[in-house]
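Let me begin by presenting the structure, written as structure tokens, before commenting on it.
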Amino acid sequence: MHIETDIDLQPLNTFGLPARAATLIHISSEDDLREVLAHPVYGSKAKLVLGGGSNLVLTQDINAVVLKIEIMGRRLLGESADAWIIETGAGETWHDLVVWTLAQGWPGLENLALIPGTVGAAPVQNIGAYGVELRDRFDALDAVELATGRSFSLDAAGCRFSYRHSIFKAELAGKAVITRLRLRLPKPWRPVLEYPDLKRRRLEGADAEPNARQIFDWVCEVRRTKLPDPMVWGNAGSFFKNPIVNQNQLDAIRCQAPGLVSFATPDDRFKLSAGWLIEACGWKGQIRDHVGVYDQQSLVLINRGGATGRQVLALAEAIQHSVFQRFKVHLEIEPQVI
Ligand code: EPU
């Protein structure tokens, strides 16, 4: 393990928000982690786990010991008639893993291309895009309990995945570090093309039966047109979850907003497009202090240079307030706020 003190966290969070950490420890193995947890100085201190810093809003300096998870390695763990099982360290970059699996001839992650962040962060919020969620490709994970150093494994049921949610945002929040992930890529591969943006691509192009590489390219193109590159505009992806409402709530909102975009969920409720609701309240492209609502996708807040975490939250609260006033729907913030 490698220990650093008084660290600038601005380059370590994709929003580019200013904050300092008193102590940051680089963790490159499970043994490193156990060493920190048994350490006479750091062992008993509060810990903050940092992956790619892509789902984080930093509003203050961090006194907790920051654990930067850099456990690397990826391999084909096994192959059967109905799946490839891939094992990967939590510190690997998610998108690099997607590219690598495709290059190896193991399709299945193409819809999840270009999602920022590390592999270890993926299960925490059950990342998802273009019709696929992590849970659809999940086998199991290994983790270490911070209080005791005990290792444990969880299968999909144990992770209690739901939309942008898992046990790591609930009972295990701040209590465990994910160290390794195993993915199950089903055979035979089947394309997932139901999401409107991909359907449109398929109809427009000559390619009615696209392969995984083609879908990967489409997803990358769609994301690049809709979502800001964090290297250009600091951001944390979607800032709010898409709210889920029942039929009565949907009908009430539809009365005053007939154009509302909604999708039925398997449990007979409706997922509303938060981006649509925010845009309908006039926020698209708006700027406050150093923070903006992205002009191609209102669900994303961007750092226009020099923003603080508090300014980001102030804009988020103003958006929540106006959406609630108009539609009586509460928008829940998606990234972790510290
Ligand atoms: N829309 C608007 N105005 C906007 C944005 C969206 O009217 O400013 C409407 C459009 O009708 C659009 C629809 O909302 O067709 C859906 O928009 P989009 O396809 O961009 O998806 P989203 O629901 O806004 C979710 C995820 C994204 C993911 C995309 C694609 C959440 C919180 N966000 O966004 O995930 O990439 O679907 O699957 O579920 C992330 O989590 O960081 C993220 C980027």
Side-chain angles (χ1 to χ4, degrees), residues 13-15 51-57 94-95 98 109-118 121-136 161-166 169 192-201 215-216 218-230 233-245 253-254 257-265 269-286 292-302 312 316 319-320 322-323 326-327 329-336:
N13 73 97
T14 60
F15 229 128
S54 59
N55 203 40
L56 200 58
V57 183
W94 175 264
H95 179 70
V98 175
L109 299 180
E110 55 283 349
N111 295 53
L112 302 175
L114 274 189
I115 296 183
T118 56
V124 175
Q125 53 155 329
N126 179 28
I127 58 169
Y130 305 102
V132 176
E133 287 185 340
L134 180 78
R135 66 173 153 188
D136 303 322
F161 291 124
S162 59
Y163 167 59
R164 290 295 191 279
H165 193 75
S166 76
K169 280 184 137 186
V192 179
L193 293 165
E194 285 70 41
Y195 201 86
D197 284 328
L198 298 183
K199 258 190 201 156
R200 200 173 312 126
R201 285 290 161 125
I215 296 170
F216 170 90
W218 287 347
V219 168
C220 290
E221 281 166 30
V222 172
R223 284 189 77 97
R224 287 196 173 108
T225 54
K226 282 193 172 181
L227 297 166
D229 177 353
W233 299 113
N235 73 88
S238 297
F239 201 86
F240 301 99
K241 286 186 179 186
N242 284 326
I244 296 175
V245 299
I253 301 169
R254 274 260 160 80
L260 174 70
V261 177
S262 69
F263 306 90
T265 64
R269 295 193 297 161
F270 300 89
K271 193 188 269 187
L272 309 183
S273 162
W276 191 94
L277 297 171
I278 295 166
E279 185 176 343
C281 290
W283 284 105
K284 197 173 202 168
Q286 294 291 316
V293 179
Y294 192 52
D295 56 9
Q296 305 297 315
Q297 163 56 291
S298 321
L299 201 45
V300 180
L301 302 189
I302 57 171
V312 172
I319 292 171
Q320 284 172 316
S322 67
V323 168
R326 171 133 182 230
F327 296 113
V329 173
H330 173 68
L331 293 185
E332 192 185 328
I333 291 179
E334 202 279 316
Q336 188 184 5

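By convention here, the first residue in the shown sequence is residue 1. As a basis for the values below, the full set of heavy atoms in this structure was taken, side chains included, without hydrogen atoms, waters or symmetry mates. Please read these numbers as outputs of a predicted model, since none were measured by experiment. We count ligands from 1, going down the list as the structure has it; atoms in each ligand are counted the same way.
Distance check, rounded to the nearest 0.5 Å: CG of L227 to CG of L114 gives 9.0 Å. In this structure, CG in N126 is found 5.5 Å from CZ in R135, a value given to the nearest 0.5 Å. Going from atom OG1 of T225 over to atom CG of D197 covers 7.5 Å, rounded to the nearest 0.5 Å. The CD atom of Q297 sits 10.5 Å away from the CG atom of L301 when rounded to the nearest 0.5 Å. Interatomic distance, OG of S262 versus CH2 of W276, reported as 10.0 Å (0.5 Å rounding). Interatomic distance, CD1 of I302 versus CG of N235, reported as 8.0 Å (0.5 Å rounding).
Heavy atoms of R223 come nearer than 4.0 angstrom to ligand 1 in at least one pair. No heavy atom of K271 sits closer than 4.0 Å to any atom of ligand 1.
Within a 4.0 Å radius of atom 12 (C) of ligand 1, the protein contributes no heavy atom. Checking atom 15 (O) of ligand 1 against the protein gives no heavy-atom contact under 4.0 Å.
Near V261, with a cut-off below 4.0 Å to any heavy atom, the atoms of ligand 1 are 11 (O). Heavy-atom contacts of G237 reach the following atoms of ligand 1: 42 (O) (cutoff under 4.0 Å). Near E279, with a cut-off below 4.0 Å to any heavy atom, the atoms of ligand 1 are 2 (C), 3 (N), 4 (C), 7 (O), 8 (O). Residue Y163 has at least one heavy-atom neighbour below 4.0 Å for each of these atoms of ligand 1: 31 (C), 32 (C), 39 (O). Against a heavy-atom cut-off of under 4.0 Å, S273 is close to the following atoms of ligand 1: 1 (N), 6 (C), 9 (C), 13 (C), 14 (O). The distance from ligand 1 to the heavy atoms of S298 drops below 4.0 Å at these ligand atoms: 4 (C), 8 (O). Interface of F240 with ligand 1, defined as ligand atoms under 4.0 Å from a residue heavy atom, comprises 32 (C). The distance from ligand 1 to the heavy atoms of D197 drops below 4.0 Å at these ligand atoms: 19 (O).
The single protein non-hydrogen atom nearest to atom 41 (O) of ligand 1 is R164 NH2, 2.8 Å, given as residue, atom name and distance. Nearest protein heavy-atom neighbour of atom 34 (O) of ligand 1: L299 CD2, 4.0 Å. Protein heavy atom at the shortest distance from atom 7 (O) of ligand 1 is W276 CD1, 3.2 Å.
Counted by atom type alone, W283 and S322 present one or more donor-acceptor pairs between their side chains at under 3.5 Å.
Between Y130 and ligand 1, at least one pair of N/O atoms sits closer than 3.5 Å. The distance criterion of under 3.5 Å between nitrogen or oxygen atoms is met by N242 with respect to ligand 1. Checking only distances, Q296 never comes within under 3.5 Å of ligand 1, N or O to N or O.
Residue contacts with ligand 1 for S238 involve both N, CA, C or O and side-chain atoms from C-beta outward (heavy atoms, distance under 4.0 Å). For Y195, every heavy-atom contact with ligand 1 shorter than 4.0 Å involves the side chain, none the backbone. Only side-chain heavy atoms of K284 come within less than 4.0 Å of ligand 1; its backbone N, CA, C and O stay farther off. The proximity of K226 to ligand 1, defined as any non-hydrogen pair under 4.0 Å, is limited to the side chain.
Although no hydrogens or angles enter the test, the distance criterion places a donor-acceptor pair under 3.5 Å between the side chain of R254 and the main chain of L260.
Using bins of under 30°, 30° to 60° and over 60° for the plane-to-plane angle, the ring pair Y195/Y130 lands in the perpendicular bin.
Classification of E221 and K226 as a salt-bridged pair fails, no side-chain N sitting under 4.0 Å from a carboxylate O. With respect to K241 and E332, a salt bridge is recorded, a charged nitrogen being found less than 4.0 Å from a carboxylate O.
Aromatic ring centres of F240 and H330 lie farther apart than the 6.0 Å criterion allows.
Closest of all the heavy-atom pairs between K284 and Y294 is CG-O, 4.0 Å.
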Next item on the list: Step by step, work out the side-chain contact (heavy atoms from CB on, under 4.5 Å) result for V293 and F239.
Entry: CA-CA 10 Å; V293 179; F239 201 86; over 6 Å; no

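Closest heavy-atom approach to atom 22 (P) of ligand 1 within the set E133, Q297, E332: this belongs to Q297.
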